[in-house]
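The structure appears right after this line, and notes come after that.
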Amino acid sequence: MHRPTALGGALAALATAAAGVLVAAAVSTTPAAAATGGTGTGYLHTSGNKIVDSTGATVRLTGINWFGMETDNKTFHGLWSSNPWRGQLDTMARLGYNTLRIPYSNDALKPGATATGINDFVNPDLVGLSPLQILDKVVDYAGSKGMRVILDRHRPTSAGQSPLWYTSTVSEATWIADWKTLAQRYANNPTVIGADLHNEPHAEGTNPAATGACWGCGDTARDWRLAAERAGNAILGVQPNWLIFVEGVSCPSGGLSNVWDNDPSNDEDCGWWGGNLSKAGQFPVRLNVANRLVYSPHEYATSVYHQAWFDDPTYPANMPAIWDKYWGYLYKQNIAPIMMGEFGTTLQDPKDKVWLQNLMAYTGTGVSGMSFTYWSWNPNSGDTGGIANDDWTTINQAKQDILQPYLIPPTGGGGTTSPAPTTPVPTTPAPSGGCTATYKQVNAWQGGFQGELTVKNSGTAAVNPWSATWTWPSGVTLASGWNATVTQSGTTVTAAAPTWASSLAPGASVTIGFTANGTAAAPGAVKLNGTAC
C-alpha cells in the first residue's frame, strides 16, 4: 500500500476481518492460456517507451490494485464480503481494467502461511487453500478473462512497509530467493507478466546521516538502483520473459533534508514514496536481458498528503512540469515505458478531482498512452478509498467516470480455466432480433449455489438499455448478483443493465453472476427485454 511522502502524512487504515484459520492443502493449478486482445498475445517486452506483445503490437496496461495479501490476512481483502471472488474480478474486467497488480508480503509465501478473512459460505472453493493456492486461482481466472497480472513485493512482513528492500528479519537473499520462487511458479503462464520488485523505497534519517533508499549514490546497502539490478537480473535468470517494474525513491540522497539549518542550498527536492525517478536518466537500471525494464512511479493527491504544489497559484497548470521532472521525461525522451503502479484519491477535495482529470490526460489516450494500475479496487484503503464501494459489489461512479475514457478492456475467455459443465437454458423459438442463453453452475453448497447466466443478443440491432429476466422455482431466493443490478420479485428475477455497460451490441453477450439460497436450479423462461431466449 502507498504511504505519504518522506515529509509525513496520513497512514492508510486497513480493515481486517475475523475468520477461522484455514489449513493449507496441496492442489495443482493449470497455467492460464495466453492473454489476447486488450493485453496482447504471449509475453510482453519493451520497445523504446512502449510495451509490446510477442507480435510487436503495442499494449497499454490499464489496471487496478487488489490488495490484502500483504496484510495479516495474507490474501485478498473483500473475500469476507457477499460478492464471490470471481464476481469481483468479473466486474473489474467489465469496467475495463485489463491488468491486476497484486501486493504481497514475504510472510504470505512462507510454508504453513494461512489465509484468513474468507467468507466460506460465499467462497467455498477457497476453503483450506494456502495464500499461494488462492493466488493461483485468481491468476487462472484473471487469465481466462484476458487480464494480465503484475506481482508486487509490497512489504517484507505483514507488519508494514520498509524504506529499504531488506530488514533485520528479511534479508536481501530472502527477497531475491522468494522472487525466483514466484518466477518459477508462473514460468509457463503468460498471464503473469512481471515483478514490481519492492514497493515505495524511500528516505529515512536526516542528511548527512541518511539511512534510507538512495538512487545513484553507489552505497550497495542503500542504492535502490543497484539493488533493483541485482534482483531483476536474478529473476530474469529464471524467467527471461518477465518485465521488471522498478519504482522510484522519495529523495535521491536517501535522507531527509535538514530544513532547520537555514541553508536552502542543501535542501533536496523530494517526491512521493516510490515516485521520484529524477536520477534514473543519469543512473539507469541495467538488466542482462534487453527490453525488459519498465519504470513504475507512484503519484497521489491531497487525500494522502497535501504537497506544496497543490497550493501553487497556477495549479493545475503546474503539474505537468512536476510529472515531467520526476518521471515523465523517461517516457517523453523514449528512454523506457512508464507504468504508474499506484495513484488514487478519495475525491473529497475539489482539487483532487482536477488532479485526477489532469493526471489521466497527461498519460495520454489510446493504446500508446502510459500504462497504469489504479489504487485501488478495495474500498478499505483509508486515504484513497476504492473503485468498489463498501459492499465490494457496486462501484464509485465518480472515480470510474474519470478513468473510463483511458481504460482498454481485456478481451478473451469468460470462464474458469477448468469450467463447470455448461447447461443450455430451456429456450422457446426466438423471433428475429432475439437472444440465446446458457447457464453454468459454478459452485454449490448446503443451502445455496452460485451460477452464471450468459445472455447473447442474436439480433441485428443493439439493445439499449438491456434487461434480462428469468424465473426460479419457489423457495429459491437471490443472495447477491453482479455485472447487473439484480433484483427478485416472487419467482421472477430481473437483471438490469449497469450504467457503465448499458448497451448490448448485436452478437454481444453479457454474463450475469449470482449467488442464491435454496436448491440449485437453472434459470427458466429467460428473456432479453421481453423477448424469449
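Nearest heavy atom pair, residue I134 against residue A115, reads CD1-CB, 3.7 Å. Contact detail for V442 and R86: the closest heavy-atom pair is CG1-NH1, 3.7 Å. Residues G385 and S376 approach most closely at O-OG, 3.7 Å, considering heavy atoms. Shortest non-hydrogen contact noted between Q239 and A187 is NE2-O, 2.9 Å. Nearest heavy-atom pair, E247 versus E200, reported as atom, atom and distance to 0.1 Å: OE1-N, 2.7 Å. Minimum heavy-atom separation, F372 to R60: CE2-NH2, 3.8 Å.
Applying the ring pair (Phe, Tyr, Trp, His ring centres under 6.0 Å) rule to Y362 yields the partners W323, W327; only residues at least two apart in sequence or on another chain are considered. Checked against ring pair (Phe, Tyr, Trp, His ring centres under 6.0 Å), F245 has no partners two or more places apart in sequence or in another chain. Remark: Y331 pairs with no residue by the ring pair (Phe, Tyr, Trp, His ring centres under 6.0 Å) rule, at least two apart or across chains.
If you check the side chains of N106 and R153, you find a donor sitting under 3.5 Å from an acceptor. S381 and W375 form a side-chain donor-acceptor contact under 3.5 Å, judged by distance and modelled atom types alone. No hydrogens or angles considered: a donor-acceptor pair under 3.5 Å links the side chains of T55 and D53. Side-chain atoms of T394 and D391 include a donor-acceptor pair closer than 3.5 Å. For the residue pair N98 / T62, a side-chain donor-acceptor distance below 3.5 Å is found, with atom types taken as modelled. A donor-acceptor contact closer than 3.5 angstrom is absent between the side chains of T384 and T346. In this model, no donor atom of one side chain and acceptor atom of the other lie less than 3.5 Å apart for S303 and D383. Side-chain contact check for Y374 and E342: no donor-acceptor pair (N or O, by modelled atom type) lies under 3.5 Å.
In this structure, the separation between OG1 on T58 and CD1 on I51 is 10.0 Å, given to the nearest 0.5 Å. Separating the CG atom in L100 from the NZ atom in K145 is a distance of 12.5 Å, to the nearest 0.5 Å. In this structure, CG in N83 is found 10.0 Å from CH2 in W392, a value given to the nearest 0.5 Å. With values rounded to the nearest 0.5 angstrom, L504 atom CG is found 10.5 Å from K456 atom NZ. Distance check, rounded to the nearest 0.5 Å: OG1 of T99 to CD1 of I193 gives 5.5 Å. One finds the CG atom of L243 at 9.0 Å from the CG atom of L293 (value rounded to the nearest 0.5 Å).
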*asked:* For a side-chain contact (heavy atoms from CB on, under 4.5 Å) check, start with the C-alpha distance between L44 and V52, then their side-chain angles and the critical distance, and finish with the verdict.
replied: CA-CA 6 Å; L44 307 182; V52 297; over 6 Å; no
*Passes side-chain contact (heavy atoms from CB on, under 4.5 Å), I408 versus L61? Steps please.*
CA-CA 8 Å; I408 300 176; L61 306 176; over 6 Å; no
*Just do the side chain to side chain donor-acceptor pair (under 3.5 Å) check on N529 and S467 with the steps written out, would you?*
CA-CA 5 Å; N529 285 36; S467 178; 5.1 Å; no
*Yes or no on side-chain contact (heavy atoms from CB on, under 4.5 Å) for D136 and V139, after CA distance, side-chain angles and deciding distance?*
CA-CA 5 Å; D136 289 339; V139 165; 5.8 Å; no
*Decide side-chain contact (heavy atoms from CB on, under 4.5 Å) for V486 and T494; before the verdict, give the C-alpha distance in whole Å, the side-chain angles of both, and the deciding distance to 0.1 Å.*
CA-CA 6 Å; V486 188; T494 301; over 6 Å; no
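Put simply, the side chain of H77 reaches to within 4.5 Å of the side chain of F67, judged on heavy atoms. Residues V463 and L528 form a side-chain contact, since some pair of their non-hydrogen atoms from C-beta on lies under 4.5 Å apart. Looking only at side-chain heavy atoms (C-beta outward), P84 and T515 come within less than 4.5 Å of each other. Using a 4.5 Å heavy-atom threshold, the side chains of T91 and I387 count as separate. V526 places none of its side-chain heavy atoms less than 4.5 Å from the side chain of T469. You'll find the side chain of L197 reaches within 4.5 Å of the side chain of I244, heavy atoms only. By the 4.5 Å heavy-atom criterion applied to side chains, L132 and K74 are not counted as neighbours. Taking 4.5 Å as the limit, every side-chain heavy atom of Q357 sits out of range of all side-chain heavy atoms of W355.
Distance alone, capped at 3.5 Å, is enough to place a donor-acceptor pair between the N396 side chain and the A398 backbone. Put simply, the side chain of N457 gets close to the backbone of A461: a donor and an acceptor are under 3.5 Å apart. Of the possible polar contacts, none joining the N123 side chain to the L126 backbone as a donor-acceptor pair under 3.5 Å is found. In this structure, S371 contributes its side chain and M339 its backbone to no donor-acceptor pair below 3.5 Å. With Q133 contributing its side chain and S130 its backbone, the two residues share a donor-acceptor pair below 3.5 Å. Checking side-chain atoms of Q488 against main-chain N and O of L478 turns up a donor-acceptor pair under 3.5 Å. Judged by distance alone, the side chain of Q450 and the main-chain N or O of P124 form no donor-acceptor pair under 3.5 Å. Side-chain N or O atoms of Q88 include one that pairs as donor or acceptor with a backbone N or O of G78 at under 3.5 Å. The backbone N or O of G341 lies less than 3.5 Å from a partner atom in the side chain of N65, making a donor-acceptor pair. Side chain of T531 to main chain of K527: no donor-acceptor pair is present (N/O by atom type, distance under 3.5 Å, no hydrogens or angles).
A centroid separation of 6.0 Å or more is found between the aromatic rings of W377 and Y97. The aromatic ring centres of W179 and Y104 sit less than 6.0 Å apart. Here F343 and H298 keep their ring centres 6.0 angstrom or further from each other.
With R148 as the partner, the side-chain contact (heavy atoms from CB on, under 4.5 Å) test is satisfied by one option alone out of V59, T191, T39: T39. Each of W80, F76, Y141 was checked for a ring-ring contact (aromatic ring centres under 6.0 Å, His included) with W85, and the lone residue meeting it is Y141.
Counting non-hydrogen atoms of neighbouring residues, nucleotides and ligands closer than 6.0 angstrom, the NZ atom of K399 exceeds 12 such neighbours. The local environment of NZ in K50 is crowded, with over 12 non-hydrogen atoms from other residues, nucleotides or ligands closer than 6.0 Å.
The pair R155-D107 does not meet the salt-bridge criterion, since no charged nitrogen lies less than 4.0 angstrom from a carboxylate oxygen. A salt bridge does not link E70 with R101: none of the charged nitrogens is closer than 4.0 Å to a carboxylate oxygen.
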